[in-house]
Amino acid sequence: MGLLQLLKSQFLCHLILCYVFVVSGLFINLLQFCTLPVWMVSKQLARRINIRLAYCLSSQMVAMLEWWSGTECTLYTEPQSYRFYGKENAIVVLNHSYDIDFLCGWTFCERFGVLGSSKVLAKKELSYVPVIGWMWYFLEIVFCKRKWEEDRTLVAQSLQKLHDYPEHFWFLLYCEGTRFTPKKHQVSMQVAESKGLPILKHHLLPRTKGFWVTVQNLRGKAAAVYDSTLNFQNNEKPTLLGVLNGEKYHADLYVRRIPLDLIPEDEAECAAWLHKLYQEKDSFQEQYTQTGRFPGPIVSPPRRLWSLINWLFWSCLMLYPLGVLLTGLISSGSMLSIIVSLVFCSAASVGVRWMIGQTEINKSSNYGNKETTLNI
């Protein structure tokens, strides 16, 4: 292990990185709150401002993956599809199998310049969480309660509001609804067998109702569905803690562009179409397992410097007052101040470990563990 790698693995570095992210995030949240008066005067101007403020926060995590960890992201796609990326609105269907698959999805958005405006379907509780949740609220993220009777109307209304969105956006959708685990897969395939649905080896059954509502309400606004399948070379099992430690991973992403016009409008036909799509995704994963690569050519966009520049800017801005504070505490010689600082650092370290733990697969939600919760 080199000196730089050893430095990256130290918890003090992790604490500093998390400090920059959280404090800058709260400051960005405050700036977003200040856009409320602008919203009353010009909704589109407020939206454009929030897109850039959201980029200031989310691109920090992308920079951590690309520049701190050095993780390589290889894109498999057809050249005729590649020319559309970043130049149209799209629904991005992603598999949900890894601790950092959301971060790889953000990296995909960043490479094509739509990170600040990208959307996700998230549970309602997250809208109350500082930093990421509050950022998403001002970014008009679509929130759901995971109760289909309520979500059908709630999600449809939120998606309809995006029809006059001023910039290109990608709507990232995890149709499986929860992360893949052996236990959830077993339950999911039991449901598939009982309903006569295709048996999948590498995926859970997709939630077709949410997908159908999304497609129906973005018709005329989104041009295509980007079917995206993620895997990692050499059976790597990436974690957010590994990224913080500076461990380098090798992500491979296979993307197919499917025009939205090719997806049936009828709900039952759309559900059958999605199940067929997941059969194909499963075959792509199986091919990757056997050969170590996805089908099609590699057409990978380069990393952009903007995420690194933004990360360095916020690091300098947030670390300066921290340095002044620590210098003052040390020079004061006050035992009480030193004890308070140690207690604060200990509490912060526990908080950081807790936040990292929430991204791990074994800490994912129980959604999908019981047959009765599977809404397909």
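- Applying the ring-ring contact (aromatic ring centres under 6.0 Å, His included) criterion to F171, with sequence neighbours excluded, gives no partner residue.
- Using modelled atom types, no side-chain atom of S69 and backbone atom of E66 make a donor-acceptor pair closer than 3.5 Å.
- The distance from the OG1 atom of T181 to the CG atom of L204 is 7.0 Å, given to the nearest 0.5 Å.
- Checked for salt-bridge contact, R256 and E280 meet the test: a charged N lies under 4.0 Å from a carboxylate O.
- Atom OG1 of T107 sits about 11.5 Å away from atom CZ of R304, to the nearest 0.5 Å.
- The closest side-chain heavy-atom distance from W136 to V120 is below 4.5 Å.
- When each of M61, M64, K248 is paired with V243, the side-chain contact (heavy atoms from CB on, under 4.5 Å) condition holds for M64 and for no other.
- Contact record, I263 with R219: O-NH2, 2.7 Å, taken as the closest heavy-atom pair.
- Ring orientation note: the planes of W273 and F211 are close to parallel, at an angle under 30° on the 30°/60° scale.
- The six-membered or imidazole ring of W134 lies away from that of F138, with a centre-to-centre distance of 6.0 Å or more.
- Looking only at distances, a side-chain donor or acceptor of Q285 sits under 3.5 Å from a matching main-chain atom of L230.
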Starting from the C-alpha separation in whole Å, work towards a yes-or-no answer on side-chain contact (heavy atoms from CB on, under 4.5 Å) for Y98 and L103.
-> CA-CA 10 Å; Y98 301 97; L103 199 47; over 6 Å; no
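- Residues L30 and Y55 do not share a hydrophobic cluster, defined by chaining ILVMFWY side chains whose heavy atoms lie under 4.5 Å apart.
- Between F33 and Y137, the ring centre distance reaches or exceeds 6.0 Å.
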Where do S24 and L317 land on the side-chain contact (heavy atoms from CB on, under 4.5 Å) test, with the steps shown first?
-> CA-CA 9 Å; S24 66; L317 191 64; over 6 Å; no
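- Donor-acceptor pairing under 3.5 Å is lacking for the side chains of H203 and E176.
- The residues E140 and R47 are annotated as salt-bridged, a charged nitrogen and a carboxylate oxygen being separated by less than 4.0 angstrom.
- For the atom pair CD1 (I16) and CE (M318), the distance works out to 14.5 Å, reported to the nearest 0.5 Å.
- The minimum heavy-atom distance between T178 and K184, with the atom names listed, is OG1-NZ, 2.6 Å.
- Formation of a donor-acceptor pair under 3.5 Å by the R111 side chain with backbone atoms of P301 is found in this model.
- Atom CD of residue Q160 and atom NE2 of residue H163 lie 4.0 Å apart, to the nearest 0.5 angstrom.
- T71 contributes atom OG1, which lies 10.0 Å from atom CZ of R303 (distance to the nearest 0.5 angstrom).
- For D227 and Y254, the side-chain atoms include no donor-acceptor pair closer than 3.5 Å.
- Looking at E286 and K201, a side-chain N of the basic residue comes within less than 4.0 Å of a carboxylate O on the acidic one, giving a salt bridge.
- By the 6.0 Å contact criterion, CG on N235 is open, its count of non-hydrogen atoms from other residues, nucleotides or ligands being 12 or less.
- In the hydrophobic clustering of ILVMFWY residues, with side-chain heavy atoms under 4.5 Å counting as a link, F294 and L200 come out apart.
- Between V299 and Y82, the closest heavy-atom pair is O-CE1, 3.3 Å.
- The hydrophobic cluster containing F284 does not contain V255, counting ILVMFWY residues as joined when their side-chain heavy atoms lie under 4.5 angstrom apart, directly or transitively.
- Applying the 6.0 Å contact sphere to CH2 of W306 captures no more than 12 heavy atoms from other residues, nucleotides or ligands.
- Between the CG atom of L121 and the CG atom of D151 there is a distance of 7.5 Å, given to the nearest 0.5 Å.
- Put simply, the side chain of E269 never gets that close to the backbone of E265: no donor and acceptor are under 3.5 Å apart.
- Under the 3.5 Å distance criterion, the side-chain polar atoms of D252 are left unmatched by any main-chain donor or acceptor of N231.
- For the residue pair Y288 and T229, no side-chain donor N or O sits within less than 3.5 Å of a side-chain acceptor on the partner.
- M135 and F27 fall within a single hydrophobic cluster, where Ile, Leu, Val, Met, Phe, Trp and Tyr are joined by side-chain heavy atoms under 4.5 Å apart, directly or via other members.
- With H168 contributing its side chain and K87 its backbone, the two residues share a donor-acceptor pair below 3.5 Å.
- N310 approaches S59 most closely through the heavy-atom pair ND2-OG, 2.9 Å.
- Of all heavy-atom pairs between S307 and A63, the closest is O-CB, 3.6 Å.
- Of the possible polar contacts, none joining the K221 side chain to the N89 backbone as a donor-acceptor pair under 3.5 Å is found.
- Ring geometry for W170 against F112 counts as tilted: the plane angle lies between 30° and 60°, on a 0 to 90° scale.
- No side-chain heavy atom of N95 sits less than 4.5 Å from a side-chain heavy atom of D101.
- Checked against a 6.0 Å centroid threshold, the rings of F102 and Y174 do not count as neighbours.
- A distance-only check finds no donor-acceptor pair linking the side chain of H202 to the backbone of K281 [under 3.5 Å].
- Remark: side-chain polar atoms of N245 are not paired, donor with acceptor, to backbone N or O of E247 under 3.5 angstrom.
- Although no hydrogens or angles enter the test, the distance criterion places no donor-acceptor pair under 3.5 Å between the side chain of T35 and the main chain of V38.
- Hydrophobic clustering places I141 together with L94 (ILVMFWY residues linked when any side-chain heavy atoms are closer than 4.5 Å, directly or through intermediates).
- Side-chain contact check for C109 versus L172: some heavy-atom pair is nearer than 4.5 Å.
- Residues N217 and L162 have side chains not in contact (no heavy-atom distance under 4.5 Å, counting atoms from C-beta outward).
- Salt bridge present: E267 and K209 bring a charged side-chain N and a carboxylate O closer than 4.0 Å.
- Listed here is the closest heavy atom pair of G296 and E78: CA-OE2, 4.0 Å.
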Steps toward side-chain hydrogen bond (donor to acceptor under 3.5 Å, both in side chains) verdict (Y85, T77) = CA-CA 11 Å; Y85 299 157; T77 193; 2.7 Å; yes
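- The environment of Q80 atom CD is dense: over 12 non-hydrogen atoms of other residues, nucleotides or ligands sit within 6.0 angstrom.
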